Amino acid sequence: MELKELLNKYNLGARKFHNIVLREADLTDINLSAVDFQGADLRQSRLGKSIFCQANFKKVNLSESILWGTDLRDADLSEAILRDGDLSGAKLVDANLTDAYLSKASLCGANLTGAVLLRAILYEVDLRPTSERRTNLGQANLSQADLCYASLSSALLYQTNLSGARLCRAKLTPDPYRSPFPTDLTKANLQGADLSYADLSNAILVNSNLRDADLTGTILTNADLRGAIMPNGHIHG
């Protein structure tokens, strides 16, 4: 199906476009709210600044696609492939990214408040701030997610669920070239998380839960651990 035909059908009320192939398509700055692209091939497509609120992107291949500033609030991106994608500044509030593959994707300045990233693969993902805003993962569910080697400098992770997550060698210390603000993990749940060799220098871990977390080689220089539950169950003074 050609893009023009798809847009005509959408404007006539059609919403279901399962398994459609639109590689390298230009879907920039359009409104396709509630569209159903389940299983579609959208590799290397441009979807920047478009509106896809409540859209179904389940199992969609968006590898190397541009979704800069895209509105994906309440969208279903479960099992989607977003490898090397650019989601800088994207709105992913309450989006479902369960089992999504986001290895080496850019989520700089994205808003993921309340998003579900259960078991998501975020290996080497970039979650640093942009010049305009910090990446917001407040109250997101990242339980069992893979964030090894991820860059979370200055990210907002207030009350984020990172239980059982893998953060081996992740960087959570401020990036002086982008933002002076510390990474905020206030009240975050890091129970059983792998933080081995991660850099949490200057991070805020006030009242966080680190019970049974792996802190082998973890850098905690100047980290604020007031009220945090340590791996042995003791509360930090």
Side-chain angles (χ1 to χ4, degrees), residues 1-112 114-127 130 135 137 140-142 144-151:
M1 183 185 296
E2 297 293 328
L3 178 58
K4 185 176 180 180
E5 181 184 356
L6 181 151
L7 295 175
N8 286 336
K9 288 186 176 182
Y10 180 89
N11 290 330
L12 290 170
R15 294 294 181 267
K16 187 178 290 187
F17 301 97
H18 285 190
N19 304 310
I20 191 170
V21 177
L22 285 171
R23 293 186 64 177
E24 301 182 17
D26 189 351
L27 293 161
T28 305
D29 202 22
I30 59 174
N31 188 341
L32 287 171
S33 295
V35 72
D36 187 349
F37 277 150
Q38 182 169 323
D41 184 352
L42 292 164
R43 281 176 284 177
Q44 300 176 324
S45 294
R46 297 175 295 282
L47 298 90
K49 296 186 178 181
S50 289
I51 300 173
F52 290 99
C53 294
Q54 299 180 330
N56 183 7
F57 282 92
K58 185 180 178 72
K59 296 184 178 180
V60 170
N61 192 339
L62 285 154
S63 297
E64 301 177 25
S65 291
I66 298 172
L67 296 103
W68 185 88
T70 304
D71 192 342
L72 290 155
R73 288 174 292 174
D74 295 301
D76 185 357
L77 289 141
S78 56
E79 301 180 69
I81 301 173
L82 291 145
R83 177 183 56 81
D84 289 307
D86 185 358
L87 292 100
S88 301
K91 301 177 183 70
L92 288 151
V93 177
D94 296 325
N96 180 10
L97 288 141
T98 299
D99 294 312
Y101 187 82
L102 292 132
S103 181
K104 299 183 179 180
S106 174
L107 286 154
C108 297
N111 189 348
L112 291 127
V116 178
L117 294 112
L118 186 67
R119 298 183 302 275
I121 305 298
L122 296 138
Y123 184 83
E124 289 189 0
V125 73
D126 192 350
L127 292 152
T130 62
T135 304
L137 286 150
N141 185 355
L142 285 143
Q144 302 176 59
D146 185 349
L147 287 145
C148 290
Y149 294 92
S151 182

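Every value quoted in this text rests on a predicted model; they were computed, and no experiment measured them. These values consider heavy atoms only, across backbone and side chains, with no hydrogens, waters or symmetry-generated copies.
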Test side chain to side chain donor-acceptor pair (under 3.5 Å) applied to S45 and S65, step by step | CA-CA 5 Å; S45 294; S65 291; 4.7 Å; no

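- Counting only heavy atoms from C-beta outward, the side chains of L77 and V60 never approach each other to under 4.5 Å.
- Counting non-hydrogen atoms of neighbouring residues, nucleotides and ligands closer than 6.0 angstrom, the NZ atom of K58 exceeds 12 such neighbours.
- Within a 6.0 Å radius of CD in E5, other residues, nucleotides and ligands contribute more than 12 heavy atoms.
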With side chain to side chain contact (heavy atoms under 4.5 Å, CB included) as the test, would you mind laying out the steps for R83 and K104 before giving the verdict?
-> CA-CA 6 Å; R83 177 183 56 81; K104 299 183 179 180; 5.6 Å; no

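- Within the model, atoms CZ of F37 and NZ of K16 stand 14.0 Å from one another, a figure rounded to the nearest 0.5 Å.
- Nearest heavy atoms, A75 versus F52: CB-O, 3.9 Å.
- Here the closest non-hydrogen pair linking T70 and L47 is OG1-O, 2.7 Å.
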Test R23 against Q44 for side chain to side chain contact (heavy atoms under 4.5 Å, CB included), laying out the working first.
-> CA-CA 6 Å; R23 293 186 64 177; Q44 300 176 324; 4.1 Å; yes

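- For the side-chain contact (heavy atoms from CB on, under 4.5 Å) test with L97, the passing option among L112, N141, L122, L142 is L112; the others fail.
- Looking at heavy atoms from C-beta onward, L42 lies in side-chain contact with F57 at the 4.5 angstrom threshold.
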Going through the distances and angles, do L22 and F17 end up as a side chain to side chain contact (heavy atoms under 4.5 Å, CB included)?
-> CA-CA 11 Å; L22 285 171; F17 301 97; over 6 Å; no

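- Side-chain atoms of R15 come within 3.5 Å of backbone atoms of Y10 as a donor-acceptor pair (strictly under, hydrogens ignored).
- Note that CG of L102 is 11.0 Å distant from CG of D146, once rounded to the nearest 0.5 Å.
- S78 is listed as a side-chain neighbour of N96, based on a closest heavy-atom distance under 4.5 Å.
- Separation of atoms CG (N61) and CD (E64) is listed at 9.5 Å; rounding is to 0.5 Å.
- With rounding to the nearest 0.5 Å, the separation of CD in E2 from CG in N8 is 11.5 Å.
- Shown here for A90 and L67, the closest heavy-atom pair between the two residues is CB-O, 3.8 Å.
- The OG atom of S63 sits 5.5 Å away from atom CD1 of I81, with the distance rounded to the nearest 0.5 Å.
- By the side chain to side chain contact (heavy atoms under 4.5 Å, CB included) test, I30 is found to be paired with L7, L27, L32, S50, residues two or more places apart in sequence or in another chain being considered.
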Where do K49 and D29 land on the salt bridge (charged side-chain N to carboxylate O under 4.0 Å, His left out) test, with the steps shown first?
-> CA-CA 5 Å; K49 296 186 178 181; D29 202 22; over 6 Å; no

Apply side chain to side chain contact (heavy atoms under 4.5 Å, CB included) to the pair D86 and S106, showing each step before the final yes or no.
-> CA-CA 5 Å; D86 185 358; S106 174; 4.0 Å; yes

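- Taken to the nearest 0.5 Å, the CG atom of D36 stands 4.0 Å off from the CG atom of N56.
- Put simply, the side chain of T130 never gets that close to the backbone of G89: no donor and acceptor are under 3.5 Å apart.
- T98 is listed as a side-chain neighbour of R119, based on a closest heavy-atom distance under 4.5 Å.
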